Amino acid sequence: MTQGGFDPPPDEDPAEGIRRWVERLPPSAHTQWLLRHSLPGEQLAAIKDLLHRNQQAAAATQIKFDELKQQREADPDNEQLDNLYDERFWRAVFMDSAHSMSAVGMLAPFIESLFVAIFDGLRKRQVSDAGDTRRQRADDHFWNPQIVFGREGPRGDLVAGIDQLAESCGLKPYLPNDYRKTLSALFAYRNNMLHNGFEWPTETIGRFSNRIASEKWPEAWFTSADRDGKPWLYYMSPDFCSHCVDLIDGIIDGTGRYLKERGG
């Protein structure tokens, strides 16, 4: 029996039997082989589990808050209920921010590291002289998705770099159609949350609001807590979290189809 549980029929050429077996494997298996020691499926499962638990906690908090609101409305002169209502209100507001920070803090690095690993795996499949220092250094830049090459030379830009490199090596047609728009929104939100915390400066909120409109990100991707009729805090919506998870599945599946069609 061959490694992995394959045992070709006695009258079949082993090489042909293995080829048929490989052909029947799902695309995700080809991506797994490319990444070798990485376990993207298991990592994604852990992310999904935590996102689900956070959504359950948010729903439970909302139920308790609605119950308190009803009690307050039934007893409007109860100062203790007023104080408790204010405390629970602000706790819920910032708990949503904490859950949003948790989501983007898992999803954005996972997607970045996934693309870095995919392109590194593709690089290692290229035939080159291991002693050719010039080729190695050139490959270091070519296969790095964290930079993009423009007229003035390379510069750091993860989203544009991923898109440019995916197109250059032929991977782009196999990726989800809206992957660049999704990555732009996800990493813009990640950068703001990690640099500004839960409460962003007014100018930053304004720029992010303008970017949502100018880049035509779906309204369902982000929700907000408003102040004076304007966004004050931005949250990743559950819909956008689910969309990002689906995107990851699409990246893994698309990379596998790319490898499969190219004899990977």
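Keep in mind the model is a prediction, meaning the values are calculated, not measured. Numbers here simply count residues along the sequence, with the first being 1. The analysis underlying the following values was restricted to heavy atoms, covering all of them including side chains, and did not include hydrogens, waters or symmetry mates.
- Side chain of Asp226 to backbone of Gly229: no donor-acceptor contact under 3.5 angstrom is found.
- Listed by chain and residue number, nothing satisfies the ring-ring contact (aromatic ring centres under 6.0 Å, His included) test with Trp143 (two or more places apart in sequence, or in another chain).
- At least one donor-acceptor pair closer than 3.5 Å links the side chain of Ser113 to the backbone N or O of Phe110.
- When all heavy atoms of Met236 and Ala103 are compared, the pair lying nearest together is SD-CB, 4.3 Å.
- Applying the under-4.5 Å side-chain rule to Ile, Leu, Val, Met, Phe, Trp and Tyr, the cluster around Phe149 extends to Ile147.
- The salt bridge (charged side-chain N to carboxylate O under 4.0 Å, His left out) search around Arg211 returns Glu215, not counting sequence neighbours.
- Taken to the nearest 0.5 Å, the CG atom of Leu44 stands 11.5 Å off from the CG atom of Asp49.
- The line from CZ of Arg190 to OG of Ser100 is 13.5 Å long, rounded to the nearest 0.5 Å.
- Remark: aromatic rings of Tyr189 and Trp217 are distant, center separation not under 6.0 Å.
- Contact detail for Met106 and Leu51: the closest heavy-atom pair is CE-CD2, 4.0 Å.
- Residues meeting the side chain to side chain contact (heavy atoms under 4.5 Å, CB included) test with Lys230, sequence neighbours left out: none.
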Distance-only criterion, 3.5 Å: show the donor-acceptor pairs between side-chain atoms of residues 87-98 and protein atoms not counting sequence neighbours.
{"from": "Glu87", "atom 1": "OE2", "to": "Arg91", "atom 2": "NH2", "distance (Å)": "2.7"}

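- Listed by first and then second residue, the side chain to side chain donor-acceptor pair (under 3.5 Å) pairs that reach into residues 159-170 are Asp163-Lys172, Asp163-Tyr179, Asp163-Arg180, sequence neighbours excluded.
- In this structure, Asp178 has no salt bridge (charged side-chain N to carboxylate O under 4.0 Å, His left out) partners at least two apart in sequence or on a different chain.
- The heavy-atom pair separating Leu34 from Gly121 by the smallest distance is CD1-C, 3.5 Å.
- Taking the side chain as every heavy atom from C-beta outward, Leu186 and Cys244 approach each other to under 4.5 Å.
- Qualifying salt bridge (charged side-chain N to carboxylate O under 4.0 Å, His left out) partners for Asp246, counting only residues two or more places apart in sequence or in other chains: none.
- Qualifying salt bridge (charged side-chain N to carboxylate O under 4.0 Å, His left out) partners for Asp82, counting only residues two or more places apart in sequence or in other chains: Arg72.
- Rounded to the nearest 0.5 angstrom, Glu219 CD and Ser237 OG are separated by 11.5 Å.
- Side-chain contact between Leu233 and Tyr235 is present, with at least one heavy-atom pair separated by less than 4.5 Å.
- Taken from CD1 in Ile248 to CD in Gln43, the straight-line distance is 9.5 Å, to the nearest 0.5 Å.
- The two residues Met101 and Met193 make their nearest non-hydrogen contact at CE-O, 3.4 Å.
- By the ring-ring contact (aromatic ring centres under 6.0 Å, His included) test, Phe240 pairs with Trp221, Phe222, sequence neighbours left out.
- Leu107 and Leu39 sit in two unconnected hydrophobic clusters of ILVMFWY residues. Membership requires side-chain heavy atoms under 4.5 Å apart, directly or through other members.
- Under 3.5 Å, the side chains of Gln71 and Tyr85 contain no donor-acceptor pair of N or O atoms.
- Listed here is the closest heavy atom pair of Gly254 and Leu171: O-CD1, 4.5 Å.
- Counting only distance, with no hydrogens or angles, the side chain of Asn196 and the backbone of Asn192 share a donor-acceptor pair below 3.5 Å.
- Here CD of Gln146 is found 12.5 Å from CZ of Phe115. Values are rounded to the nearest 0.5 Å.
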Give the C-alpha distance, both sets of side-chain angles, the deciding distance and a yes or no for side-chain contact (heavy atoms from CB on, under 4.5 Å) between Arg257 and His30. CA-CA 8 Å; Arg257 288 186 288 107; His30 291 264; over 6 Å; no
Donor-acceptor pairs under 3.5 angstrom involving side-chain atoms of residues 54-64: please list them, not counting sequence neighbours.
{"from": "Gln56", "atom 1": "NE2", "to": "His52", "atom 2": "NE2", "distance (Å)": "3.3"}
{"from": "Thr61", "atom 1": "OG1", "to": "Ala57", "atom 2": "O", "distance (Å)": "3.0"}
{"from": "Gln62", "atom 1": "NE2", "to": "Asp66", "atom 2": "OD1", "distance (Å)": "2.9"}

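- Side-chain atoms of Asp253 never come within 3.5 Å of backbone atoms of Asp249 as a donor-acceptor pair (strictly under, hydrogens ignored).
- Judged purely by atom type and a 3.5 angstrom limit, Thr204 has no side-chain atom pairing as donor or acceptor with the backbone of Trp200.
- Val116 is not connected to Leu183 by any chain of hydrophobic side-chain contacts under 4.5 Å among Ile, Leu, Val, Met, Phe, Trp and Tyr, and they are in different clusters.
- Applying the ring-ring contact (aromatic ring centres under 6.0 Å, His included) rule to Phe187 yields no partners; only residues at least two apart in sequence or on another chain are considered.
- Ser224 places no side-chain N or O within donor-acceptor distance of the main-chain N or O of Tyr234, the cut-off being under 3.5 Å.
- Taking CZ from Arg123 and SG from Cys169, the interatomic distance works out to 13.5 Å, rounded to the nearest 0.5 Å.
- Atom CD of Glu79 has 12 or fewer heavy atoms from other residues, nucleotides or ligands within 6.0 Å.
- Among all heavy-atom pairs drawn from Leu122 and Leu259, the shortest one is CD2-CD2, 3.8 Å.
- A donor-acceptor contact shorter than 3.5 Å links the side chain of Thr31 to the backbone of Gly256.
- Taken together through direct or relayed side-chain contacts under 4.5 Å among Ile, Leu, Val, Met, Phe, Trp and Tyr, Leu35 and Tyr258 form part of one hydrophobic cluster.
- Connection of Val148 to Leu165 is not established within any shared hydrophobic cluster, with ILVMFWY side chains joined at heavy-atom distances below 4.5 Å, either directly or through further cluster members.
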